[in-house]
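Along the sequence shown, residues carry numbers from 1. Every number for a ligand or one of its atoms is a count from 1 in the order of the listing.
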Amino acid sequence: MANSYTERMDRTLTRSRQLQHRAEKLLPGGVDSPVRAFRAVGGDPPFLERAEGAFLYDADGNRYLDLFNSWGPMILGHAFPPVVEAIEGAARNSPSFGASTAAESDLAELVMRCFPSIDRLRFTSSGTEACMSAIRLARGVTARDLVIKFEGCYHGHSDPMLVKAGSGVATLGIPGSAGIPADTAKHTLALPFNDPGALRSAFAAYPDSVAAVIVEPVVGNAGTIPPAEGYLEALREITHRHGTLLILDEVMTGFRLSLGGAQQLYDITPDLTTLGKILGGGLPCGAFGGRADIMARLAPLGPVYQAGTLSGNPLAMAAGIATLTHLIVHADVIYPKLEQTTAAIADGISQLAHEAGVPLTTNRVGSMFTPFFTAHAVTDFATASTSDAATFGRFHRTMMDHGVWLPPSQFEAAFVSTSIGPPEVEHILTAAREALATVAA
Ligand code: KE4
């Protein structure tokens, strides 16, 4: 590695720092998405030039082992040849038409093979659009306004969803966002996750007023938080009883936790599902879908309007088809390997923290995990918030120093790709041993 990350940051005007200074004159905070600014962990974010397999390469010639994988999409590793070739081929036919193509149906069929609960779907260009559209559809179908979400869950940055949200909102410690009218926020009820009592109280208070409950079935945006035993079943039962639509936001968990996401893992059938990230193989792509009778209420068939210039874009479709095809064909090998590799990493970090006397709780589901710097069990956003974010920052910087790039926030999930094997696991655990010794000192 050319120089350690910390040394590099201390040297004057490294190439990344030069690029950061330039970017800050053009983009707010120098970024196009707040979590990339490293505000929660300190240090300037390295500027990347390329990536391949499990590794990222920055503008100063440093190499990092990638444990955030573009926030989830790069499950097959970076520059996966079948995906790159598919994008190149589609690009030669022109990147966009704004008209229908067979590729949209090809990808939709692959999604429906993985998600039996989806009879019809529509593509968008982001997970935010997918969630925003699903919420509008649920309100249109039920003629109700109220939506329930959960503290620490993040469903993109549409106004109704930025209430006690996770991810960048939690990272920056802001309650929600400025610019959202009280008249909008009042229709969103944020409850504690994994609390069936709070759910029952909300429905008792608003028995026939809730259009939808939207939930990350495995929370990733407060850090990784699994559903408690029976919790998703309770969600399904109470929403069914009250004529409320259950929306599982599987933007992060879809094709990650299994081919059929969390709903396959926990055997829950939602009314609507939102997807993104892996779906587009690294290109801008989201989708929402579910019961045919609900989706039939969307324009041009029904009264709920939803649209997008680049929805179903040929390049995103090509990347998604190549990605899902590979995942489907090799699922029997891929998912057990991801499970085994991620368990080795998460359990290894837990063991090293125990040996170093550092309070740490590691939550993991499949190939997503989060080391929380707290002695508490982390079962919701309140317990996740007992984590020592400053210690996480020191841990993160030292891991960077040793060439391992974790998501730059205590309130995010780390993701493992199929490019990570035993040598990379050893690299990660060697770095973690050093980083834990640093925070223990
Ligand atoms: P996008 O609009 O960022 O494609 O998707 C929004 C979204 C919706 N639902 C879930 C469960 C999500 O995790 C996300 C986006 N996740 C964050 C990271 N946790 C995106 C990273 C960022 O905001 O830069």
Take every heavy atom of His157, measure it against each atom of ligand 1, and state whether any distance is under 4.0 Å.
-> no
Heavy-atom proximity to atom 6 (C) of ligand 1, picking from Asp32, Asp249, Val31, Thr128, points to Thr128
Who's closest to atom 21 (C) of ligand 1 heavy-atom-wise, of Trp71, Phe415, Tyr154?
-> Trp71
Pick one: which of Asp195, Asn194, Leu199, Ile225 meets side chain to side chain contact (heavy atoms under 4.5 Å, CB included) with Phe150?
-> Leu199
Protein heavy atom at shortest distance from atom 4 (O) of ligand 1 | Gly127 N, 3.0 Å
Could you see which bit of Arg36 sits under 4.0 Å from ligand 1, with heavy atoms only: side chain, backbone, both or neither?
-> neither
Which of the atoms of ligand 1 are close to His155, meaning less than 4.0 Å from one of its heavy atoms?
-> 8 (C), 9 (N)
Which atoms of ligand 1 sit under 4.0 Å from any heavy atom of Met252?
-> 13 (O), 19 (N)
Does Arg15 pair with Asp60 as a salt bridge, N-O distance under 4.0 Å?
-> no
In Å, rounded to the nearest 0.5 Å, how long is the span from CZ of Phe115 to CG of Leu259?
-> 8.5 Å
Backbone or side chain, does any N or O of Ser33 fall under 3.5 Å from an N or O of ligand 1?
-> yes
ring-ring contact (aromatic ring centres under 6.0 Å, His included) with Trp405: which of Tyr57, Phe38, Phe415?
-> Phe38
Min over Glu412, Met132, Glu129, Glu250 of heavy-atom distance to atom 18 (C) of ligand 1 lands on Glu412
Is there a side-chain contact between Phe392 and Phe411 (heavy atoms, below 4.5 Å)?
-> no
Can I get a per-line list of side-chain donor-acceptor pairs under 3.5 Å for residues 272-297, giving both atom names and the distance, sequence neighbours left out?
unit_1	atom_1	unit_2	atom_2	d
Thr273	OG1	Gln263	NE2	3.0
Thr274	OG1	Asp249	OD1	3.0
Lys277	NZ	Trp71	O	3.0
Arg291	NE	Asp293	OD1	3.0
Arg291	NH1	Asp271	OD1	3.0
Arg291	NH2	Asp293	OD2	2.6

What's the spacing between Leu110 CG and Thr325 OG1 if we round to 0.5 Å?
-> 4.5 Å
Any atoms of ligand 1 less than 4.0 Å from a non-hydrogen atom of Gly156? List them with their elements.
-> 6 (C), 7 (C), 8 (C)
Please name all residues satisfying side-chain contact (heavy atoms from CB on, under 4.5 Å) with His78, sequence neighbours left out, ordered by chain then number.
-> Ala51, Leu56, Asp66, Asn69, Met74
Tell me which protein heavy atom sits closest to atom 16 (N) of ligand 1, plus the residue, atom name and distance to 0.1 Å.
-> Lys277 NZ, 3.0 Å
Ligand 1 to Ser126, heavy atom cutoff 4.0 Å, flagged ligand atoms 2 (O), 4 (O)
Carefully, step by step, assess Glu52 and Arg50 under the rule salt bridge (Lys or Arg N to Asp or Glu O under 4.0 Å).
-> CA-CA 7 Å; Glu52 188 173 358; Arg50 69 182 188 90; 3.5 Å; yes
Ligand 1 and Asn221, any nitrogen or oxygen pair closer than 3.5 angstrom?
-> yes
Taking only heavy atoms of Val35 into account, list the atoms of ligand 1 that are under 4.0 Å away from them.
-> 22 (C), 24 (O)
Euclidean distance, Arg256 CZ relative to Ser367 OG, rounded to 0.5 Å = 4.0 Å
Answer yes or no: does an N/O atom from Val251 fall short of 3.5 Å to an N/O atom of ligand 1?
-> no
